[in-house]
Amino acid sequence: MGIAAVPPASQTAEERLPSKDGTYTAVVQEGQVKVNDKQGKTVYTSKFKFTDKDQIVLLSWNEEDQLTYEVHASDQTVKTYLIKMKDLSESGL
């Protein structure tokens, strides 16, 4: 499975990563990760908002509809996050 790299939030390109069964699609918009349903309706918006200098990388979905993504910060640190669609929660790993 490939990695979807996202340019800094200041750029207009939008990256997408569909879940394994196509139920959800993760997108990066305005420095946040959002999850849309099949109809394109946003069903989850990350509680974290990143700066224009940060790079958000959508990594993968697992079979339990959990999305893993990374944030490559401008200070060269990398943080990994997990969104669980079952209970609409998000945490750092």
Side-chain angles (χ1 to χ4, degrees):
M1 182 180 299
I3 296 175
V6 178
S10 61
Q11 296 181 12
T12 58
E14 178 181 282
E15 291 297 322
R16 301 174 165 272
L17 182 64
S19 63
K20 291 182 180 274
D21 66 1
T23 300
Y24 301 109
T25 300
V27 297
V28 177
Q29 294 177 330
E30 300 173 359
Q32 284 183 299
V33 174
K34 297 182 181 185
V35 179
N36 298 334
D37 64 14
K38 286 182 181 179
Q39 290 75 38
K41 178 184 173 194
T42 300
V43 292
Y44 184 81
T45 300
S46 174
K47 61 185 175 182
F48 303 108
K49 187 161 177 115
F50 302 100
T51 71
D52 290 350
K53 295 177 182 167
D54 298 327
Q55 181 183 22
I56 301 169
V57 181
L58 302 174
L59 295 176
S60 64
W61 286 95
N62 67 18
E63 291 79 13
E64 297 175 353
D65 288 328
Q66 297 177 350
L67 171 69
T68 304
Y69 71 95
E70 288 180 343
V71 177
H72 298 246
S74 57
D75 65 0
Q76 305 303 313
T77 60
V78 177
K79 293 185 181 178
T80 304
Y81 297 88
L82 180 70
I83 296 174
K84 297 179 183 178
M85 292 306 295
K86 181 178 179 181
D87 59 4
L88 297 177
S89 66
E90 182 175 11
S91 60
L93 298 177

Nearest-0.5 Å distance that lies between atom CD in Gln29 and atom OG in Ser46 =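 Result: 12.5 Å between the selected atoms.
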
Report the distance from atom NZ of Lys20 to atom CG of Leu17, rounding to the nearest 0.5 Å.
->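 One gets 9.5 Å once the value is rounded to the nearest 0.5 Å.
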
Quick check: closest heavy atoms across [X] and [Y], and the distance to 0.1 Å?
| X | Y | answer |
| --- | --- | --- |
| Lys34 | Thr42 | CB-CG2, 4.2 Å |
| Arg16 | Leu58 | C-CD1, 4.1 Å |
| Gln32 | Ile56 | N-CD1, 4.2 Å |

Side chain proximity check, [X] to [Y], heavy atoms < 4.5 angstrom:
| X | Y | answer |
| --- | --- | --- |
| Asp54 | Ser74 | yes |
| Trp61 | Thr23 | no |
| Lys49 | Glu30 | yes |
| Val43 | Met85 | yes |
| Asp65 | Asp21 | yes |

Option among Leu59, Leu93, Leu67 that satisfies the side chain to side chain contact (heavy atoms under 4.5 Å, CB included) test with Leu82 |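 With Leu82 as partner, Leu59, Leu93, Leu67 yield a single side chain to side chain contact (heavy atoms under 4.5 Å, CB included), made by Leu93.
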
Measure the acute angle between the ring planes of Tyr69 and Phe50, then classify it against the limits of 30° and 60° as parallel, tilted or perpendicular.
->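 Perpendicular, since the angle between the ring planes exceeds 60°.
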
Test side chain to side chain contact (heavy atoms under 4.5 Å, CB included) applied to Ser19 and Thr25, step by step | CA-CA 6 Å; Ser19 63; Thr25 300; over 6 Å; no

Sidechain-backbone polar pair: Lys47 side chain, Glu90 backbone, donor-acceptor under 3.5 Å |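 The answer is yes, because a donor-acceptor pair under 3.5 Å joins these two groups.
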
